[in-house]
Amino acid sequence: MARPIHPVILSGGSGTRLWPLSRELFPKQMHALAGEQTLLQQTVLRVSDRNLFTAPILIANDEHRFVIAEQLRQIGVEDAAIVLEPMGRNTAPAAAVSAMLVARKNPDDLLLLMPSDHVIGDEAAFRRAVAIAAQAADQGRLMTFGIAPDRPETGFGYIRSGHGLAGCDGAHEVERFVEKPDLDTAIGWLKQGGYFWNGGIFLFRARDLIEELRAAAPDILEASTKALD
């Protein structure tokens, strides 16, 4: 990676699928479900190498501000920026706000947008995937990360992989996004290959996302601009 990437960590969810362990004021990313650290702490530490990543930006629910600040303190991260949402508005507005924040300093800088509740066992593979995506994003691509499926899962959306990108070994065009399939369809995709679970992780230049939003979802961009201001 030629220059550090801005990690943007989305921590606005309430984790309703793990209810009652995961509650509105203490959602699943605040719990230590896969190790000694919480999922949020693991996500922050995953992008803690300042040779590769800048200080993280956390997009979080206003009601979680003190819990998040304390969890960051526990792992010695003092340079994070916390952006508070008065109410959850899902991924697109959070991506828009973070892109505008970064673009104010340098619109060509890269952002890595990711949820705060993933478990990633092979962090070296994760960094390699980020490096490949960064190379393609520098060419103006909006990159999304797919997870190789190991079972016919019906609870996830899927990405159909298209042609490989020239000069970016391991990166492909997205042929299409597919919503959660029924079991027979998921079994067929697993046998066929070329389908990946939609990981909800993205990498892009700040200005490229802003331009795409301006073209495809100007209402989201306008509302996000007003909210940020």
Side-chain angles (χ1 to χ4, degrees), residues 1-13 29 40 43-44 46-62 64-65 68-69 72 77-116 118 126-127 129-146 159 165 167-168 171 173-174 177 198-229:
M1 286 173 277
R3 61 184 185 279
I5 295 168
H6 298 266
V8 178
I9 299 170
L10 306 179
S11 184
Q29 64 267 26
L40 174 67
T43 304
V44 173
R46 198 171 292 131
V47 291
S48 60
D49 185 345
R50 290 296 176 265
N51 293 317
L52 303 176
F53 303 100
T54 69
I57 301 170
L58 280 84
I59 311 289
N61 189 301
D62 184 61
H64 300 157
R65 64 168 74 190
I68 286 177
L72 293 175
V77 175
E78 300 178 353
D79 55 356
I82 301 177
V83 179
L84 298 173
E85 297 178 309
M87 61 187 70
R89 290 300 191 194
N90 295 323
T91 303
V97 166
S98 56
M100 287 186 286
L101 281 172
V102 170
R104 289 177 177 182
K105 296 181 179 179
N106 186 347
D108 286 324
D109 274 4
L110 297 171
L111 288 81
L112 174 64
L113 192 79
M114 53 190 168
S116 57
H118 278 181
F126 172 75
R127 286 191 293 272
V130 169
I132 293 168
Q135 186 180 7
D138 259 332
Q139 301 172 12
R141 299 275 187 168
L142 303 180
M143 303 302 295
T144 183
F145 289 65
I159 303 168
L165 297 184
C168 295
E173 292 183 351
V174 171
F177 291 95
N198 189 346
I201 303 175
F202 307 94
L203 200 153
F204 46 79
R205 286 189 306 205
R207 66 180 174 92
D208 292 327
L209 182 75
I210 292 170
E211 287 305 313
E212 289 296 329
L213 286 169
R214 183 171 288 119
D219 55 332
I220 292 178
L221 183 62
E222 181 182 3
S224 299
T225 301
K226 289 179 179 178
L228 180 59
D229 291 340

Any heavy-atom pair between the side chains of [Y] and [X] that's under 4.5 Å?
X      : Y      : value
Thr144 : Ile159 : yes
Ile9   : Met114 : yes
Phe53  : Pro4   : no
Ile59  : Glu85  : yes
Asn198 : Phe145 : no
Leu111 : Ser98  : yes
Ser11  : Ile68  : yes
Phe126 : Arg46  : yes

| request: Output, in order, the C-alpha distance, side-chain angles, deciding distance and verdict of side-chain contact (heavy atoms from CB on, under 4.5 Å) for Arg104 and Leu228. | output: CA-CA 12 Å; Arg104 289 177 177 182; Leu228 180 59; 3.6 Å; yes
Kindly compute the distance separating [atom1] ([X]) from [atom2] ([Y]), expressed to the nearest 0.5 Å.
X      : Y      : atom1 : atom2 : value
Ile132 : Leu203 : CD1   : CG    : 11.5 Å
Arg205 : Ile5   : CZ    : CD1   : 13.0 Å
Thr225 : Ile220 : OG1   : CD1   : 11.5 Å
Leu58  : Leu72  : CG    : CG    : 5.5 Å
Phe202 : Thr91  : CZ    : OG1   : 6.5 Å
Leu142 : Glu211 : CG    : CD    : 11.0 Å

Heavy-atom closest pair, residues [X] and [Y]:
X      : Y      : result
Ile210 : Leu221 : O-CD2, 3.9 Å
Asn61  : Leu84  : O-CD2, 3.9 Å
Leu10  : Ser116 : O-OG, 2.9 Å
Phe204 : Ala137 : CA-CB, 4.1 Å
Ile201 : Pro115 : CG1-CD, 3.9 Å
Met143 : Ala171 : CE-CB, 4.0 Å

| So, does Arg50 use its side chain to make a donor-acceptor pair with the main chain of Val47 at under 3.5 Å? | yes
| request: Determine yes or no for a side-chain-to-main-chain donor-acceptor pair under 3.5 angstrom, with Gln135 supplying the side chain and Gly167 the backbone. | output: yes
| said: Between Val102 and Ile57, is the side-chain contact (heavy atoms from CB on, under 4.5 Å) condition met? List the steps. | reply: CA-CA 10 Å; Val102 170; Ile57 301 170; 4.0 Å; yes
| said: Would Asp79 and Val77 count as a side-chain contact (heavy atoms from CB on, under 4.5 Å) here? Give the steps. | reply: CA-CA 6 Å; Asp79 55 356; Val77 175; 3.6 Å; yes
| query | Is any NZ, NE, NH1 or NH2 atom of the basic residue among Asp219 and Lys226 found under 4.0 Å from an Asp or Glu carboxylate oxygen of the other? | reply | no
| query | Are the charged groups of Asp109 and Arg207 less than 4.0 angstrom apart, N to O? | reply | no
| Stepwise, does the side-chain contact (heavy atoms from CB on, under 4.5 Å) test hold for Arg89 with Ser224? | CA-CA 10 Å; Arg89 290 300 191 194; Ser224 299; over 6 Å; no
